[in-house]
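Have a look at the structure below, then the notes.
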Amino acid sequence: MKDFFHRDLQLFIDHRFDWERYFRLRGSSTEVAEEVETYRTILRTAGEVCGDIEAAARDHWHEEVRLDGSAVVVPPHIVTGYEKLRAAGLLCLMVDPAYGGYGLPALVNCVFMEMLSRADPSLMTIVGLQAGVALDVQKYGSEELKHRYLPRFVSGELQGCMDLTEPQAGSDLGGILTRLSEENGRYFIDGSKIFITNGGADMHLVLARDGATFDQSRGTTHGLSLALCPVTLPDGTRNRVRVSRVERKMGIHGSPTCVIEFDHAEAFLLGQAGGGFRAMLDLMNNARLGVSAQAIGIAEAAYRAARQYAAERVQFGTPIIEQPLVKSMLTLMAINIQAARALLYRTCGLIDMTEAIRRELAAGPSAGNGNRAALQTELEHNVQLIRFFTPLCKYYATEISNHVTRQGIQIHGGIGYMAETPAGHYHSDSIITTIYEGTSEIQASFALKEMSKGALFAALETTRAELETLRDRRPELVAQVSEGLRWIEESAPALLGDPQYALLNAKRVCEMVIDVVVGGELLCLADVPEGRPELAASYIRRHMLAVEMNARRISSGDASRIKRYDRILGL
Amino acid sequence: MKILVCVKRVPDPETVIKLTPEGASIVTDNVKWVINPFDEIAIEEALRIKEKAAGTEVVLLSIGQKTAQEQLRTGLAMGADRAILVLTDQVVEPLAVARVIEKLVGTEKPELILMGKQAIDDDSNCAGQMVAELLGWPQATFASKVVLGGDQKGAQVTREVDGGLETLAIPLPAVVTADLRLNEPRYASLPGIMKARKKELKEIPLAELGVDVAPRTRIVKLETPPKRTGGRKVGSVQELVQVLHDEAKVI
Ligand SMILES: Cc1cc2nc3c(=O)[nH]c(=O)nc-3n(C[C@H](O)[C@H](O)[C@H](O)COP(=O)(O)OP(=O)(O)OC[C@H]3O[C@@H](n4cnc5c(N)ncnc54)[C@H](O)[C@@H]3O)c2cc1C
C-alpha cells in the first residue's frame with residue numbers, strides 16, 4: 001500500500017521531460033543522469049514520509065480546527081505531519097538556493113504535492129500555500145524581504161496564506177474593498193477577508209485595493225496591490241491582523257478556513273502599487289497546479305481503497321471486481337487519474353523548460369545556446385500554452401477527482417456511506433478542489449479567453465506535430481486522435497461568432513481540447529518501458545467519441561439556446 | 001572515533017514475495033528494495049553517537065551488486081560520512097560476509113562495528129557473531145540501548161533476552177548488533193540527499209580482497225507458509241476447552 005512514488009508517477013519523470021536540454025539551457029555543468037537520480041531519490045524519500053503520515057490522517061479525519069482566543073489550533077495529527085515534513089526538509093522545494101532553498105523543478109514539486117495530498121489533503125493545503133507564498137515573495141519581493149523571510153519559509157519556521165476572498169468578492173476579485181494605504185513610505189491594510197485557508201499563518205499575502213486610486217478603480221481588478229503582511233513585525237511587535245472565526249466544513253477538516261481582520265496592519269508592498277493583480281495571477285496559476293495535484297492525490301487514494309475493497313468483497317459467490325460493471329467503474333477511475341496526470345505533468349514540464357529558456361535568454365548572447373530568436377519564439381509559444389493549459393488542468397483534475405471519489409463510494413456500497421469509512425471522506429475532501437482557486441466555471445471561462453487569443457490553434461498544432469511522430473507505430477489510434485482534432489476545428493467557427501454562445505459551451509470546448517491533448521500525451525507514454533498502451537487505447541476510443549458528440553452539439557445550435565433555457569427556468 | 005555500519009539490500013518487507021518455479025529463490029522483478037530494517041536502525045544509532053561525540057566518522061559497508069549503491073546513498077543521505085561497496089554478483093553467505101568485514105577492518109580500523117541483528121531476507125542472524133569471533137572482539141547482540149563511555153574506551157549495551165533485559169559492559173573495539181527497539185530511524189532529508197551526492201562511495205571488486213567466499217550451504221527449497229484458513233465459532237466455554245484439548249491438542 002505504501003508505494004507512493006509508484007510507476008505511474010515515475011513515468012513522467014523518466015520519459016516525458018527532456019532533462020538533458022533543461023540542464024543545458026540552465027548552463028548547469030552537472031551530470032544529468034545523476035541529477036535526475038537525485039530527484040528520484042528525493043521523491044522516493046518524500047513518498048516514504050507521506051506513507052508515514054497517511055495512517056494518522058485517516059484515523060483523525062473528523063477532527064476539526066479550533067479557535068482559541070485568536071489562535072488557530074489545528075488537530076494534533078496535522079502538527080505531527082508537518083513536523084515530519086519539516087524534519088525531512090520537504091518544505092518549499094522550489095525556492096532558489098540563493099535564499100536557502102533547493103531550486104527544484106515544478107514537475108518534481110507537483111509530484112510531491114500529489115503524493116502528500118494522497119496521504120493528507122488537509123496538510124497538503126498548508127504546505128502548498130507556504131511554498132506558493134514563498135515563491136511569490138521570491139518573484140516580487142525586494143532583496144531585503146527575500147533574505148529576511150525566504151530561508152525561514154524553507155526551514156518551516158514560517159507558514160503562509162493567501163488572502164483574496166471577501167464576502168462580496170469571490171470569483172470576481174474586482175469586488176475587493178480591503179484597502180492598502182501608504183503613509184510616509186509605509187503601507188497599512190484595513191478590511192477583512194473570508195474563507196482564508198491556514199489564516200492563522202505567520203505571513204499573509206494580501207490582495208487589497210490601492211488607497212491612492214480606490215474610488216476610481218472600484219469594481220475592477222485595476223488598482224489592486226499585492227502586499228505581504230507578517231503577523232509579527234520585524235521589530236518583534238505584533239501586527240494588527242487577527243483571526244476572528246474558523247469555519248466548519250464538509251471536508252478537509254484539518255485545514256483551517258478563517259475570517260481575517262486587518263485593523264491598520266502594516267504590510268510590505270510586493271511589485272508595483274496597483275499592479276498586484278498580475279502578480280496574484282502568477283501565484284494563482286501556481287496554486288491552480290497545486291490544487292490539480294491535490295485533486296489527483298485524493299482520487300488516487302480513493303481509487304486504491306475501492307480497488308482493494310472490490311477485490312475482497314464477495315457477492316453472488318465472487319469478488320465484486322469480477323462484475324463487469326464494477327470492473328468498468330474501476331477502470332474508468334484508473335484511466336481518468338492517469339489522464340489528469342498526463343495533462344498536469346505536461347504543463348509542469350512546460351513551465352520548467354520555459355523557465356530554463358528564460359534563464360538562458362537572460363544570461364545574454366554569450367551563453368550561446370542555439371538560436372536566440374528561435375528560443376524567444378519558443379518562449380512566447382510556451383507562455384501561451386501554459387496560460388491555456390493551467391486552467392484546463394485545474395478544471396479537469398478536480399472534476400475527475402469529484403467523479404472518481406464518487407465512484408469510490410459507489411463501489412463500497414452501503415459501507416461507503418457510513419461516516420467512519422474513508423470512501424466518503426475522499427469525496428468530501430475532493431469537492432473543495434472544484435471550488436477554491438477559482439471554480440470550474442471560472443477555469444473554463446479563463447481557458448476560453450485564452451483560446452480566443454490564439455492558444456487553441458497553438459495547442460492543436462503542437463498535438464498534431466507530436467502525433468505525426470507516433471503515426472508509424474500506432475496508426476489506428478493516431479488516426480482517431482487526428483479525427484478528434486478535425487472535429488474541434490469544425491465546430492470552432494460556431495463559437496467564434498458569438499461570445500455568449502461560446503460561454504455557454506466553455507466546458508464543452510475545454511473538454512474537447514483536453515481529450516485530444518491528453519490522448520496525444522497518453523500515446524507518447526504508451527510505448528515507453530512499463531508504459532500503458534491499453535490505457536491509452538481505451539482513453540482514446542472513449543474520448544474521441546465524446547469529442548464528436550460535443551462537436552455536433554456545438555455545431556447544431558446557437559445563442560437562441562440560451563433563450564430556451566430562460567423559458568425552462570422561468571426567467 | 002570511527003564506526004563501521006554494515007548495510008544489506010533486501011526486499012521491502014511490504015512486498016509480496018513470489019517464489020521462482022524451481023522454488024529455491026524468489027522472483028525479483030517488481031520487488032522494491034530497501035535497506036535491511038535492522039541495518040537502518042544500526043545506521044541511526046551510529047548517527048546518534050556521532051551527534052553526541054564530535055569527530056566521529058560513520059562509514060557504511062555493503063557487499064553485493066552495483067544496485068546496492070541506492071541503499072548506500074540513502075544511508076549517506078541519512079547522514080553517514082562515506083561508503084564502501086564490495087562488488088559481487090554471487091550469493092554471499094554470512095561467513096563470507098564476516099570474512100569480508102574482517103578484511104576491511106584491517107584497513108579501516110573502526111572502534112565500533114554496528115550491524116543489524118539479522119537480515120530480513122534470509123534471517124540467518126549470525127554475521128555479527130562471526131565477525132566478532134574472527135576479529136576476537138567482544139560482541140553484544142540484540143541491542144536495545146547503547147551507551148558509550150565518556151572516554152570512548154567502552155560501552156554499556158542493554159540486550160533483549162528471553163524474559164527481560166541484560167546489560168553488558170564491553171571494551172572497544174567491539175561488535176554490536178541492533179534490535180528493533182534500539183531506536184526509530186530518521187528519514188533521509190532533502191538537504192541530506194543533496195549532500196550525499198558529494199560523499200565518497202568507493203567500490204571494491206570482491207575478488208580484489210582475496211577472501212574465501214566459497215558457499216558452504218545450498219538452498220534446497222523455499223516454501224511459503226501455509227495459507228491461513230478461517231476460524232470457527234464455538235458455542236460455549238465448555239466446547240472451547242473440549243476442542244482445544246481433543247482437536248488442537250494444546251491443552
Ligand atoms: C475551504 C475553502 C478554502 C478557501 N481558501 C481560500 C483562500 O485561502 N484564500 C482565498 O482568498 N479564498 C479562499 N477561498 C475562497 C474561494 O476561492 C471562493 O469561495 C471561490 O473562488 C468562489 O467564490 P464564491 O464562493 O464567492 O462563489 P461565487 O463567485 O459566488 O460563485 C458561485 C457560483 O457561480 C459561479 N460563477 C460565478 N461567476 C461566474 C462566471 N463569471 N461564469 C460562470 N460561473 C460563474 C461559480 O462557478 C459558482 O458555481 C476558500 C474557499 C473555501 C470553501
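By convention in this document, chain letters (A, B, ...) are assigned in the order of the sequence lines, proteins followed by strands, and residues within each chain are numbered from 1.
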Notebook entry, point to check: Based on non-hydrogen pairs under 4.5 Å, which of L104(A), V49(A), L90(A) is most in contact with chain B?
Noted result: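 Going by pairs under 4.5 Å, I would pick V49(A).
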
Notebook entry, point to check: Side chain, backbone, both or neither: which part of R7(A) has a heavy atom under 4.5 Å from chain B?
Noted result: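 For R7(A), there is no contact with chain B at all, as no heavy atom is under 4.5 Å.
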
Margin query: Is A87(A) in contact with chain B via its backbone, its side chain, both, or neither, using a 4.5 Å heavy-atom distance?
Written below: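 Backbone only.
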
Surrounding [atom1] of [X] (heavy atoms of other residues, nucleotides or ligands, distance under 6.0 Å), is the total greater than 12?
| X | atom1 | value |
| --- | --- | --- |
| L19(B) | CG | yes |
| E20(A) | CD | no |
| K2(B) | NZ | yes |
| E51(B) | CD | yes |

Item checked: Residues of residues 186-202 of chain B contacting chain A, heavy-atom criterion under 4.5 Å, by residue number ->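 Contacts with chain A: Y187(B), A188(B), S189(B), L190(B), P191(B), I193(B), M194(B), R197(B).
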
Check: For the atom pair CD (E70(B)) and CZ (R44(A)), what is the distance rounded to the nearest 0.5 Å?
Finding: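 Atom-to-atom, E70(B):CD and R44(A):CZ are 4.0 Å apart.
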
